[in-house]
Amino acid sequence: MSKTSGWSGVGVRQAPVLGILAAFAAIPAMSQDAYVLGVWTFLLLNILVVIGLDLLLGYAGQLSLGHGIFVAIGAYASGLLTTKAGWSGWAAMPVGTIAASLLAAAVAVPTLRLRGYYLALATLGFPVLFDAMIRVTSQWSGGSSGVISIPRLRLGGYILRDPLVYYYLVLGVVAVVLIVLWNLAGSRLGLKLRAIHADETAASARGINVVFLKASVFVASAAIAALSGSLYVHNVQFVAPDTFGLNYSLILVIMLVVGGMGRIWGGILGVVLLGWMPELLREAATWQPVIFGSILATIMLFAPNGLAGVVRRRSFFAPVTRKVPNTTFHRDERVLTVNEIEKAFGGVQAVTGLSFHVDAGEIKSIIGPNGAGKSTALALISGAIATDGGTIKLCGQSVETAPAFKRAQLGLGRTFQHARLIPTLTVYENILLGASVLGSATQRDEHQASHVLQQVGLEHVAQHYPDQTNQYERRLTEIGTAFAGNPRLLLLDEPGAGLSSADIEQLASLLRELKANGRAIVLVDHIMSLVLPLSDSVLVLNSGMPIIDSDPKTVISDPKVRLAYLGESGDVHA
């Protein structure tokens with residue numbers, strides 16, 4: 001077994017994060033000046049927020065421009081509970097964390113359904129709203145004057161006022177959070193988040209509950225930010241509305257973007273670089289905006305993925321050597337039943353009255369001219385888009401209202417007309433992502449993914465990224481991803497597109513093997529040399545309506561098929 005697969009290879013995986021923590025632990029050895037230690041303490045607190053934000057933005061791809069509000073909630077919870085209610089700072093911290101988590105959970109579902117600029121604009125209003133609430137409730141929140149004389153943290157009778165002691169306290173908290181997030185980012189959860197970032201539709205097709213994961217990451221990121229806010233106020237003993245306002249939220253994003261999103265160490269690099277820059281440019285205060293802006297522009301022009309993006313991500317997942325037996329399903333079992341489904345886009349009827357069924361060990365091909373509704377039919381069956389009517393049964397269960405990830409978990413795998421792989425994952429990781437729909441132990445998923453990798457003949461490109469492979473290898477990767485989860489039903493949308501004759505022969509051989517194991521396959525393709533020899537039955541669509549559903553020989557000789565493809569007098573064999 002590979003020593004670096006899954007959660008094994010702890011020494012290799014943990015080495016970078018332990019090196020980072022060792023470097024921070026050595027900072028006081030270079031200078032114990034109170035001011036310098038104070039600056040490094042603030043940088044550690046910002047690192048705490050940024051690595052949590054990276055999980056949300058860099059990994060899950062959800063842009064939050066108002067993340068400072070969660071830092072403010074932690075700060076105000078600790079400040080008000082200790083000054084107004086006489087609580088201990090240690091008791092107040094969890095309250096701030098819980099409050100930030102509850103707020104994040106309340107706003108996560110409605111806002112995280114938005115994408116791109118719409119989500120960014122929605123979160124942009126949070127700091128403004130919080131600032132207004134603080135100022136309106138000045139009788140207990142302190143209003144514009146803020147909260148003052150916040151007590152320091154205590155350990156028994158010892159007050160944590162020494163800058164060196166507080167530095168190591170914050171470093172200890174950062175170490176725990178950093179190690180946890182580092183391992184999460186390098187686990188299957190990290191793969192799922194990268195998939196959501198790259199392509200939410202493809203992620204759902206691989207059995208990932210996109211909304212739940214995005215909301216969970218949002219809540220976790222908010223809790224970490226609130227913890228940073230609590231630690232901040234017990235050090236400076238003061239907080240005001242402007243402390244964590246809109247400017248602070250935007251600076252957090254800039255630090256992450258400059259350092260490199262989707263790479264935990266990139267966020268740390270961005271915080272250190274931009275956090276120390278004002279100190280380094282103190283003697284050139286007049287030129288600070290020019291120098292600062294020039295550095296940002298240079299990074300964005302020549303390293304658009306941030307400084308960390310210059311170094312390609314290293315995968316800690318590698319194929320294992322143990323094989324698993326091929327899964328064989330019972331034949332003569334009805335796997336898919338489609339009854340009178342339909343779909344309209346505006347005034348265009350894309351699919352009308354479509355009905356068919358597929359049994360285990362059967363290949364049903366759907367053909368038709370361009371615009372016939374073939375890909376739309378697959379999207380309806382997979383749950384990528386909702387039907388306007390009709391019923392769909394998968395392995396006896398009605399799924400027409402089930403989301404795509406639920407159908408994948410029930411045993412549906414699919415590919416897309418244009419291969420939709422996750423570009424930031426290796427070939428093996430893409431297939432492993434498909435295997436994770438099994439929801440089983442990590443090692444079992446890795447064994448399954450490794451077996452599929454061998455089955456499709458991609459061992460030689462296992463650690464390559466999709467952009468480093470050819471068209472045929474990308475097609476095989478997507479097919480391997482689709483059946484790595486042991487689906488009962490495979491929906492293949494033009495898998496032969498762009499392939500050579502030799503590649504098509506190899507693809508046909510693979511599909512015959514899958515069929516022999518009892519999988520039901522729905523195949524959409526224009527290449528008749530692939531479709532006709534493989535198919536047990538062929539369904540022809542034209543303008544969204546079924547023309548005929550029969551064996552290949554009957555279909556190609558049917559006059560209605562000739563009319564749909566070539567005109568009434570055309571010869572389909574041509």
Side-chain angles (χ1 to χ4, degrees), residues 13 16-17 20 43 45-68 70-71 104 108 111-112 114-117 119-120 123-124 174 177-200 202-203 208 210 213-225 228 248-275 296 299-300 303-317 422-426 429 433 465:
R13 175 169 293 182
V17 69
I20 292 171
L43 293 185
L45 291 172
N46 282 335
I47 285 171
L48 200 57
V49 184
V50 168
I51 60 177
L53 181 61
D54 193 18
L55 203 64
L56 177 67
L57 173 55
Y59 285 84
Q62 308 306 305
L63 177 57
S64 172
L65 293 181
H67 221 63
F70 302 114
V71 186
T111 57
L112 292 180
L114 302 173
R115 298 182 185 180
Y117 301 115
L119 172 61
T123 58
L124 194 61
V174 171
V177 175
L178 180 57
I179 290 172
V180 170
L181 294 189
W182 189 276
N183 282 300
L184 286 177
S187 70
R188 286 185 301 166
L189 175 61
L191 301 186
K192 292 179 180 181
L193 293 177
R194 290 181 186 277
I196 292 172
H197 189 170
D199 191 332
E200 292 187 11
I208 299 173
V210 172
L213 261 187
K214 289 197 299 184
S216 299
V217 170
F218 194 23
V219 170
S221 181
I224 295 170
S228 174
Y248 176 72
S249 296
L250 296 178
I251 288 172
L252 292 174
V253 175
I254 292 172
M255 287 177 172
L256 179 57
V257 170
V258 168
M261 297 185 296
R263 310 289 291 276
I264 297 294
W265 65 271
I268 297 173
L269 180 62
V271 172
V272 173
L273 176 64
L274 298 187
L296 287 180
I299 292 174
M300 291 298 96
N305 294 321
L307 296 176
V310 176
V311 181
R312 193 149 204 174
R313 168 183 166 267
R314 177 183 177 183
S315 172
F316 287 103
F317 291 97
I422 309 306
T424 54
L425 302 185
T426 64
E429 286 175 332
L433 187 67
Y465 289 87

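What you are looking at is a predicted structure, and each value in this text was computed from that prediction instead of being measured. Quick note: residue numbers are just sequence positions, from 1.
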Novice: For R194, does its backbone N or O pair with a side-chain atom of Y59 as donor and acceptor, under 3.5 Å?
Specialist: no

Novice: When you measure from the side chain of N183 to the backbone of I179, do you find a donor-acceptor pair of N or O atoms at a distance under 3.5 Å?
Specialist: yes

Novice: Return yes if some donor-acceptor pair links the side-chain N/O of R263 with the main-chain N/O of G306 below 3.5 Å, else return no.
Specialist: no

Novice: Testing the basics here: between A104 and V219, what is the closest heavy-atom pair and its distance to 0.1 Å?
Specialist: CB-CA, 3.9 Å

Novice: What closest approach, in Å, do H67 and A222 show between heavy atoms, and which atom pair accounts for it?
Specialist: NE2-N, 4.2 Å

Novice: Would you say the side chain of I51 lies within less than 4.5 Å of the side chain of L55, judging by non-hydrogen atoms?
Specialist: no

Novice: Looking at every non-hydrogen atom in both residues, tell me the closest pair between A308 and G260 and how far apart they are.
Specialist: CB-CA, 4.1 Å

Novice: Between I422 and L191, is any pair of side-chain heavy atoms under 4.5 Å apart?
Specialist: no

Novice: Kindly indicate whether the side chain of L184, heavy atoms from C-beta on, has any atom under 4.5 Å from the side chain of L193.
Specialist: no

Novice: Can you confirm whether V17 sits close enough to I264 that some side-chain heavy atom of one is under 4.5 Å from a side-chain heavy atom of the other?
Specialist: no

Novice: Is any side-chain heavy atom of N46 closer than 4.5 Å to one of Y248?
Specialist: yes

Novice: If every non-hydrogen atom of T424 is compared with every non-hydrogen atom of R313, which pair is closest and at what distance?
Specialist: O-NH1, 3.1 Å

Novice: Let me confirm one number: the CG-CD1 distance from L274 to I299, rounded to the nearest 0.5 Å.
Specialist: 7.0 Å

Novice: Let me know which of I224, L63, L256 forms a side-chain contact (heavy atoms from CB on, under 4.5 Å) with L53.
Specialist: L256

Novice: Got a second to check how far K214's NZ is from I208's CD1, nearest 0.5 Å?
Specialist: 12.0 Å

Novice: Report yes if the side chains of L178 and I268 come closer than 4.5 Å at any heavy-atom pair, otherwise no.
Specialist: yes

Novice: Do Q62 and V217 touch side chain to side chain, with heavy atoms closer than 4.5 Å?
Specialist: no

Novice: List the atom of E429, the atom of F317, and the distance in Å for their closest heavy-atom pair.
Specialist: OE2-CD1, 3.6 Å

Novice: Let me confirm one number: the CG-OG distance from L56 to S221, rounded to the nearest 0.5 Å.
Specialist: 5.0 Å

Novice: So M261 and D54, side-chain contact (heavy atoms from CB on, under 4.5 Å) or not? Walk me through it.
Specialist: CA-CA 6 Å; M261 297 185 296; D54 193 18; 4.2 Å; yes

Novice: Looking at every non-hydrogen atom in both residues, tell me the closest pair between S315 and T426 and how far apart they are.
Specialist: CB-CG2, 3.9 Å

Novice: Could you check whether any side-chain heavy atom of S249 comes within less than 4.5 Å of a side-chain heavy atom of L65, counting everything from C-beta outward?
Specialist: no

